[in-house]
Asker: 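Pasting a structure here, questions to come.
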Amino acid sequence: MLDPKLVRREPELVAAKLAKRGYHLDLDKLAALEAKRREVQLNTEALQAERNSSSKTIGKAKAAGEDIEPLLAAVSDLGNKLDEAKADLDAVQEALDLLLSDVPNIPDDEVPEGESEEDNVEIRNWGSPRKFDFEIRDHVDLGDQLDQLDFETAAKLTGSRFAVMRDGIARLHRALIQFMLDTHIEDHGYREIHVPFIVNAESLYGTGQLPKFAEDCFKLEHDQDYYLIPTAEVPVTNTLRDSIYEGSLPLQYVCHTPCFRSEAGSYGRDVRGMIRQHQFEKVELVQFVQPEQSDLALEALVGHAERILQLLELPYRTVILCGGDIGFSAARTYDIEVWLPSQDTYREISSCSNFRDFQSRRMQARFRNKETGKSELLHTLNGSGLAVGRTLLAIMENYQQEDGSIIVPDILRSYTRGLTHIQASG
RNA sequence: GGAGAGGUGGCUGAGUGGCCGAAAGCACUGGUCUUGAAAACCAGCGACUCGAGAGGGUCCGUGGGUUCAAAUCCCACCCUCUCCGCCA
């Protein structure tokens with residue numbers, strides 16, 4: 001959520017900045033609601049002040065043994081007036097909240113103009129795509145030939161967009177998770193955290209998935225509003241919801257979880273293979289930092305994610321998302337895209353964002369400023385470090401051999417206990 | 001699942017209708033003292049919000065209700081702890 005004070009004081013400026021992401025802020029509606037809110041709120045609070053003071057008077061009179069009947073008569077209709085005023089205020093407040101909770105974050109000035117992912121700007125690339133002297137297979141064919149990646153069985157068990165893995169591929173998948181966690185913990189200073197894979201509606205509101213993007217999440221049938229997490233970002237970021245954090249900053253967490261996404265609205269996109277699944281695993285990086293630190297923190301975080309690809313020797317490029325492609329809660333996002341030989345292009349494998357105080361304000365996540373002694377909103381950041389399923393298929397495709405086997409990247413061999421070569425199941 | 005106890009400020013914890021936004025302690029901040037620190041003593045110190053300010057309002061797990069007035073009484077729900085049962 002944006003700072004309501006900022007929206008109130010500089011609506012034109014806010015609207016202009018939001019226009020970069022193609023969002024139209026309805027200034028007339030906002031101004032009308034704001035004027036109404038002010039009027040109704042002043043009225044309500046005046047009535048409340050009146051009630052408070054007359055109640056106090058009655059209390060004193062009663063204590064002094066005086067007759068309070070005339071006093072009671074004088075306030076007889078105050079209650080009704082107050083109820084009406086409160087109802088008005090609630091209605092205006094609700095409309096205002098609804099409008100405001102629908103407004104996305106303000107993009108940084110450095111975010112490039114643009115409407116779609118085509119307008120994202122490459123800021124660096126690393127490694128060069130391997131030259132193949134045989135016909136390249138994609139991970140689906142490779143997995144099929146190895147008999148270790150099985151979409152048909154998954155479709156029987158559940159439906160489309162699920163996968164079953166066996167033997168070497170399953171092991172490689174598991175090795176990747178351990179490798180990523182260890183690297184971020186030992187080399188990059190993150191704390192490991194393990195969290196529930198089911199969250200409530202408040203948590204989804206805090207990170208910005210609700211109320212606007214409910215259809216992207218799997219909702220459980222349960223007496224409470226429970227959802228499967230679409231990313232570890234939700235539970236991990238919400239660990240500081242409704243609190244004033246008194247520890248030292250930055251606070252950096254690395255978390256491995258499965259992620260569940262309904263992928264509503266992406267019918268027909270990436271239907272082949274495990275690029276876009278309803279369930280996938282991810283190692284997520286989450287940081288809580290002081291406001292003035294968040295720019296540097298994002299650069300560092302992207303570097304942590306990139307380092308995984310460097311250690312795996314997978315070519316990638318990093319792009320900054322343009323205004324039209326940036327997510328709802330983010331002020332700035334870098335995507336890391338890994339080279340996929342079968343598609344002859346780079347595909348997203350990580351998305352790293354600075355949310356500034358947008359999520360913190362929704363969550364009321366604060367820290368104590370040691371200099372002023374006051375509580376202030378934190379800045380939150382997160383990024384994939386990395387999406388495990390996509391990393392797995394990138395390895396399969398980039399490390400494939402002419403006979404269809406897969407070489408295990410050096411760095412993973414301690415995690416596969418020396419397994420160097422994934423070959424067809426016997 | 002059964003039976004009890006409880007949810008109050010950053011933390012511990014008192015408060016069972018009005019003088020309570022809330023005692024006390026810890027923590028924190030400033031001061032005195034000290035070469036410096038500690039200790040001791042003195043003072044300050046909840047969050048959010050409206051307002052240029054004076055000042056106003058809201059908040060004692062959540063949501064309803066009773067009342068002129070609710071942390072306090074009533075109802076529902078959520079959560080935590082203890083004991084019993086069951087269970088990976």
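Sequence lines set the chain letters: A, B, ... in the order given, protein chains first and strands last, and positions in each chain run from 1. Hydrogens, waters and symmetry mates are skipped; everything else that's a heavy atom, side chains included, is used.
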Asker: Any side-chain N or O of A/Ser375 less than 4.0 Å from the OP1 or OP2 oxygen of B/rC48?
Answerer: yes
Asker: Could you check which nucleotide pairs with B/rG10 in any of the strands shown, counting Watson-Crick or G-U wobble with both distances under 3.5 Å?
Answerer: B/rC26
Asker: In whole angstrom, give the distance that lies between atom CG of A/Asp90 and atom P of B/rC59.
Answerer: 12 Å
Asker: Figure out the CZ/P separation between A/Arg361 and B/rC48, and round it to whole Å.
Answerer: 12 Å
Asker: Figure out the CG/P separation between A/Asp83 and B/rU67, and round it to whole Å.
Answerer: 11 Å
Asker: What distance do A/Glu348 atom CD and A/Asp335 atom CG have between them, rounded to the nearest 0.5 Å?
Answerer: 4.0 Å
Asker: Any chance you could lay out the side-chain hydrogen bond (donor to acceptor under 3.5 Å, both in side chains) test for A/Gln287 and A/Tyr190, step after step, and finish with the verdict?
Answerer: CA-CA 9 Å; A/Gln287 295 200 17; A/Tyr190 286 77; 2.9 Å; yes
Asker: Does A/Glu115 CD have over 12 foreign heavy atoms under 6.0 Å away?
Answerer: no
Asker: May I ask you to check whether A/Ser203 and A/Arg241 show a side-chain donor-acceptor distance below 3.5 Å?
Answerer: yes
Asker: So what's B/rA37 paired with, Watson-Crick or G-U wobble, going by both distances under 3.5 Å?
Answerer: none
Asker: Can you tell me if A/Asn52 touches the phosphate of B/rA69, counting only side-chain N or O atoms and a distance under 4.0 Å to OP1 or OP2?
Answerer: no
Asker: Using atom C1' in both nucleotides, what's the gap between B/rA43 and B/rU66 to the nearest angstrom?
Answerer: 44 Å
Asker: Scan every strand shown for a Watson-Crick or G-U wobble partner of B/rC59, both distances under 3.5 Å, and answer none if you come up empty.
Answerer: B/rG46
Asker: Expressed as a whole number of Å, how far does the C1' atom of B/rA22 sit from that of B/rU8?
Answerer: 8 Å
Asker: Taking atom C1' in both B/rU34 and B/rG15, compute the distance separating them and give it to the nearest angstrom.
Answerer: 41 Å
Asker: Whether the side chain of A/Gln48 and the base of B/rG57 hold a donor-acceptor pair under 3.5 Å is what I'd like checked.
Answerer: no
Asker: With nearest nucleotide decided by heavy atoms, which residue, A/Ser53 or A/Leu78, maps closer to the 5′ end of RNA chain B?
Answerer: A/Ser53
Asker: Salt bridge between A/Arg261 and A/Glu263, side-chain N to carboxylate O under 4.0 Å?
Answerer: no
Asker: Between A/Arg366 and A/Ser54, name the one whose nearest nucleotide on RNA chain B is closer to the 5' end.
Answerer: A/Arg366
Asker: Going through the distances and angles, do A/Glu337 and A/Tyr316 end up as a side-chain hydrogen bond (donor to acceptor under 3.5 Å, both in side chains)?
Answerer: CA-CA 5 Å; A/Glu337 302 178 335; A/Tyr316 67 86; over 6 Å; no
Asker: Who is the Watson-Crick or G-U wobble partner of B/rA3, with both distances under 3.5 Å?
Answerer: B/rU82
Asker: Which whole-number value in Å describes the distance from A/Lys56 NZ to B/rG57 C1'?
Answerer: 13 Å
Asker: When the distance from CZ of A/Arg241 to C1' of B/rC48 is rounded to whole Å, what number comes out?
Answerer: 17 Å
Asker: Between B/rA14 and B/rG53, how far apart are the two P atoms, rounded to whole Å?
Answerer: 39 Å
Asker: Between A/Asp108 and A/Arg356, does any side-chain N to carboxylate O distance fall below 4.0 Å?
Answerer: yes
Asker: Name the pairing partner of B/rC73, where a pair is Watson-Crick or G-U wobble with both distances under 3.5 Å, or state none.
Answerer: B/rG65
Asker: Need one value for A/Lys5: base, sugar-phosphate or nothing, where a base atom within 4.0 Å counts as base even if backbone is also close, heavy atoms only.
Answerer: sugar-phosphate
Asker: Could you state the CZ-C1' distance from A/Arg368 to B/rC28, rounded to the nearest angstrom?
Answerer: 8 Å
Asker: Quote, to the nearest angstrom, the P distance that separates B/rC11 from B/rA23.
Answerer: 16 Å
Asker: What closest approach, in Å, do A/Ala85 and A/Asn43 show between heavy atoms, and which atom pair accounts for it?
Answerer: CB-OD1, 3.8 Å
Asker: In whole angstrom, give me the gap between the C1' atoms of B/rG64 and B/rC45.
Answerer: 35 Å
Asker: State whether A/Arg51 places a side-chain N or O below 4.0 Å from either non-bridging phosphate oxygen (OP1 or OP2) of B/rU58.
Answerer: yes
Asker: Using nucleotides 63-66 of chain B, report all nitrogen or oxygen pairs with the protein that are shorter than 3.5 Å.
Answerer:
none

Asker: Just the rounded figure in Å: distance from C1' of B/rG9 to CG of A/Asp242.
Answerer: 15 Å
Asker: Identify all pairs in which a protein N or O lies below 3.5 Å from an N or O of nucleotides 51-53 of chain B, and state each distance.
Answerer:
{"residue": "B/rG51", "atom": "OP1", "partner": "A/Arg38", "partner atom": "NH1", "Å": "3.4"}

Asker: May I ask you to decide whether A/Asp3 forms a salt bridge with A/Arg8, counting only side-chain N to carboxylate O separations under 4.0 Å?
Answerer: no
Asker: When you compare B/rG7 with B/rC86, how far apart are their P atoms, in angstrom units rounded to a whole number?
Answerer: 31 Å
Asker: Students often get this wrong, so: under 4.0 angstrom with heavy atoms, is A/Thr57 touching a base, only sugar-phosphate, or nothing?
Answerer: nothing
Asker: Could you check which of B/rG56, B/rA47, B/rC78 has an atom nearest any side-chain atom of A/Gln224?
Answerer: B/rC78
Asker: Any carboxylate oxygen within less than 4.0 angstrom of a Lys/Arg side-chain nitrogen, looking at A/Lys36 and A/Asp88?
Answerer: no
Asker: Can you tell me how far P in B/rG30 sits from the matching atom in B/rA37, rounded to whole Å?
Answerer: 12 Å
Asker: Does NZ or CZ of A/Arg366 fall inside the cone over A/Tyr245's six-membered ring, less than 6.0 Å from its centre and within 45° of the axis?
Answerer: no
Asker: Using atom CD1 of A/Ile244 as one end and atom P of B/rA27 as the other, report the distance to the nearest whole Å.
Answerer: 19 Å
Asker: Do A/Asp83 and A/Lys86 sit within salt-bridge range, that is, some charged N less than 4.0 Å from a carboxylate O?
Answerer: no
